[in-house]
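Notes follow once the structure below has been shown.
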Amino acid sequence: MQSSILLIVFLPLAAAIVAGLFSGSIGKVPAKLITTGALFASCALSWPIFLAFLGGNAEAQVVPVLQWVQSGDLSFDWALRVDTLTAVMLVVITSVSALVHLYSWGYMDEDPSQQRFFAYLSLFTFAMLMLVTADNLVQMFFGWEGVGLASYLLIGFWYKKPSANAAAIKAFVVNRVGDLGFMLGIFGTFLVFGTVSIPAILEQAPAMSGSSITFMGMRLMTMDILCLLLFVGAMGKSAQLGLHTWLPDAMEGPTPVSALIHAATMVTAGVFMVCRLSPMFETAPVALTVVTVIGGATCLFAATIGTTQWDIKRVIAYSTCSQLGYMFFAAGVGAYGVAMFHLFTHAFFKALLFLGAGAVIHAMHHEQDMRYYGALRKRIPITFWAMMAGTLAITGVGIIDVFGFAGFYSKDAILEAAYARGTGAANFAFWAGAIAALLTSFYSWRLMFLTFWGKPRWADSEHIQHAVHHGHDEPEDHNPAAQEDSGEAVAHHVPSTEEKDGTAGYHPHEAPWVMLIPLVVLSLGAVFAGFVFYEPFVDAEGFWQGSVFFNENLVHTMHGVPLWVKLTATIAMLLGLAIAWLSYIRNPKLPEAAAEQLGPIYRFFLNKWYFDELYNFLFVKPAFWLGRVFWKVLDIGIIDRFGPDGAAWVVRQGSVGAKRFQSGMLNTYALIMLLGLVAAITWVLL
Amino acid sequence: MDYATSFGLIIPELVLTGSGLVLLMIAAFGGEKASRLVSILAAVALGAAGSLTIPALANGAGGDASMAFYGQISADAFSAFAKLLVYAAAIGCLMIAPGFFGQRRAMKPEYPVLVLFATLGMSIMVSATDLMTLYIGLELNSLAAYVLASFLRNDSRSAEAGLKYFVLGALASGILLYGMSLTYGFTGTTSFAGIRAAQEAGLSTGALFGLIFVLAGLAFKISAVPFHMWTPDVYQGAPTPVTTFFATAPKVAAVALTARVALDAFGSQADAWRQIVIFAALASIIVGALGAIGQNNLKRLLAYSSINNVGFILIGLAAATVEGASAMLFYLTTYVVMSLGSFVAVLMLRNGEGENLETFEDIAGLSSTRPGVALCLLALMFSLAGIPPLLGFWAKVEVFNAAIQAGLVPLAVIGIAASVIGAFYYIKFVKVMYFEEPVGRATKGGSAAHWAILIICTLLISPLGFLLTRGLQAMTDTAAAGLFPGV
């Protein structure tokens, strides 16, 4: 296991270095082969580890890499920690990453700088693996920042697009807010425990429960304050309410990136962190309450927005945000195993949904607006069935004690855990989760119905028109001759019937096989992951081997909840499906009417609760104003004037003066020498 | 101490004297045809003298055992180090001359002979442990130097340079002599050991006057502010190989001599002269930097650069510690390499007609017409500006470190701040060469010898040269220890 974990973590790094630094000399295909190959190798090495933990044949261990910092009391090493929790993350990360690498062969096929893309993807995977194998907080922070960097680079991958750049910066800046919390949390932890080693901290944490510190005249519970700070970091990375604004914008990145980073892996880092530090959080009741409330609120809030968005990727992005909320409140109520379970199943079905959306976008010539989709079921059947599997999984379709799709098991378990916990916050989270389940079902089926059912509405799409009029597979900037040709082609191969039926003569085509294979593989995960892994993740304490806090009592109560609780999620799901069916299949006029009826609320949701506007007003504008003051007044007016510019002026004047003395006249020179001598004599005599 | 031992100790000087006289004969009878032969022989003689000097440095010679002629001259490790540096610089200046003078059909065999005698004078300067020997060495060097400055006697600028150098040099010489006589008058001896002994009780005002005058005379030689005025005019006017020579070997000799006077003869009175040296150091750094900024002529600019560098060297002296002296020698070595390299690079710039180019306009866009020279100049200029990882940076670190260890923190701070001003014009070189429209004037020039020296200098200051620093440091430490007999 020692060598395999080293390979798992460092193969992607090596591949990223080779593909990134030598991209010019090795060419596209080798770069793609190296990165993809490395990821499949990592993946192949990860599953045996996971299965060993699943079968109870492996023990947690730490593989040292090298000494890192040795400074006074602060001492820690690079080390890779492998336990059950890590093993779960390993398979999630490497599997999704390997599939996304493969998928990108098709999706990014026409991109001129593919090497860069694959190098970034592999670099991201390395950083993420570093994060989940961290044995101390600093190494975790290293991975944390590494994934942030890779995310920034990948969101802004199409750096010529201003909106992509803006989104990349937004993601980075919002994450910094969270990172500040995380950093303060790490500092505070070191201050309190005198170490950054995670096992040492977790061991000492129970003893610190109940201790308090004084900060600015306030008595604060030590563990609560530490956990809250760490949770702020988790909120930033996992896009929880308040720090969620970057995630929808991050959809500017290529779709495979959204699937890997902004659905399956990076955004779950916050959940992972809370689970990793779960014994610590267990000693902080206030922090746990906050986690529960924020998780529940995010879960509901993001779902409301998801119901109104038109961009297919944004719908899924808000859905991700909402699902992360589920995971957090599961952790908040103490069901860390359940949170990890949902993380695990969610990785499969959400990556599947994103990759499916990517296949749809690919088929619809970069059109992302669902208003211009419709009737794609027959045109791209494999994608349709894959999306169907994902939707069944996320909406939680299943029958108790028989069979269900992945989300059925994990979501139900979360709601049961929240109900079983019984505290006020947990009850809030339960109801928020139940309503969110209804909304989830509604927006997921809305997506399906708008995309795959109904009549084609492609004719109005600019992208489609562009494709039809200018030849589908031609590059964007073609020569005038080609335009003439295509003009002729339009005239002769667009029969009037097709114009009328809304297809505009466009023929969506199924994605290439490299994109379909990941869809099929992930579909299997979305269908079976819940059914197969429910037992170990939720019920078996032995599986976790103490890597997360396991609340025996809670699990026991959870299984004894009343039947109506167990059925809540299913009922909510059916209701959502019914409303979606009514609104988008039965009576397509209904949504418009409803939007008109509920005008303000609809606009409130459509505009994402005006969070961006609020932040713009509260933070961005004042920051710009302050920046302008610093720039115009302080920097140019004072620092430059008396600093660099002033100094330069003095130097210039001095230079002119020095030149004037240098007259070329011998007598001047001799005089200056003698004056210097006299001055020196005077000096020493005084 | 018998004469045989004494002569044994000054063998390098004897070699130079003998070969100088013989070469003078060859030059006189061989005429211009003999130039090449004389140059080669002079270089060989310098090499031989250098190899005879190595044992003293290797053994860390010092104390009475190295004293010759009853304390007139000392063949200790310090002088050995300085001599090696001087000889090396002199050999470099001999090598670059034929390519320059040959172009103007002005190569004469007197050039190597004069360089040889000047080097002999410097050799004596750095070994002098008596005011008499000091003066003899200094004048021997200066007289040869005055002639060298006006070597192109048909060129009015060269003649003017020679004359200016001579007149001001005579004035400085007078000041020096006056200081020496005052020192003698108040201490009753001319030997450094005697002067040191006479001050055990304290420094009399007369002797203090003497010290100041002596330092002023020497400051002229190292062109420290305010005795620097001749430098830009002479450096610009003199033929470039001669300028290269002035900027390297005599600087080493004069600095070594000043260090010996200050640290040996007046070593117990460091407080008396430290203020003066500090002032000269800072004034040199600042005036050198300010003066260089307005210059368009590259040689003139490099003259200011040398004034600027002397300031940093004096910071090492101001520390008045073994570390300071060691840092001073380290800086001096780096400075010699950088100066030699940059002057040679300037020397190598010629237009189609074979005329030498020496202004900023001429080197605009040099990177496209002469990429090799431009690259070397880039490295040399960054090194002069003190940018890591080039050797110039480490030299600066050494002197500032020594100053800080000696408690002269403000000096170090001001020095560091002022070195930023210097960076301006060094980097201006790079900007002009790499970022301006090529004028394509500098098209050719540069003999094999020029290339060899330029490349060696560039390699020495490059990070590769960093590998040598440990050895160099050991040598400067040994040499510096020779200055502090009591320690």
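The sequence lines fix the lettering, A, B, ..., with proteins before strands; numbering per chain opens at 1.
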If you look at every heavy atom in [X] and [Y], which pair is closest and at what distance?
{"X": "A:Ala680", "Y": "B:Ile212", "answer": "CB-CG2, 3.9 Å"}
{"X": "A:Val651", "Y": "B:Leu290", "answer": "O-CD2, 3.4 Å"}
{"X": "B:Pro226", "Y": "A:Ile672", "answer": "O-CG2, 3.8 Å"}

| said: Can a donor-acceptor pair be found, under 3.5 Å and without considering hydrogens, that links the side chain of A:Gln662 to the backbone of B:Met229? | reply: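 Yes; judged by distance alone, with no hydrogens or angles, the pair exists.
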| field | residues 116-124 of chain A: residues contacting chain B (heavy atom under 4.5 Å, by number) | value |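 Listed by number, there are no contacting residues, so the answer is none.
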| Counting only heavy atoms not in B:Arg153, do more than 12 fall under 6.0 Å of its CZ? | no
| said: Return the CE to CG distance between A:Met665 and B:Asp233, rounded to the nearest 0.5 Å. | reply: 11.5 Å
Interface moiety of [X] toward chain A, non-hydrogen atoms closer than 4.5 Å:
{"X": "B:Phe220", "value": "side chain"}
{"X": "B:Ile286", "value": "neither"}
{"X": "B:Leu208", "value": "side chain"}

| request: Go through the atoms of A:Leu685 and report whether side chain, backbone, both or neither lie under 4.5 Å from a heavy atom of chain B. | output: side chain
| query | Which residue out of B:Arg300, B:His228, B:Glu160 racks up the most heavy-atom pairs below 4.5 Å with chain A? | reply |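 Between B:Arg300, B:His228, B:Glu160, the count favours B:Arg300.
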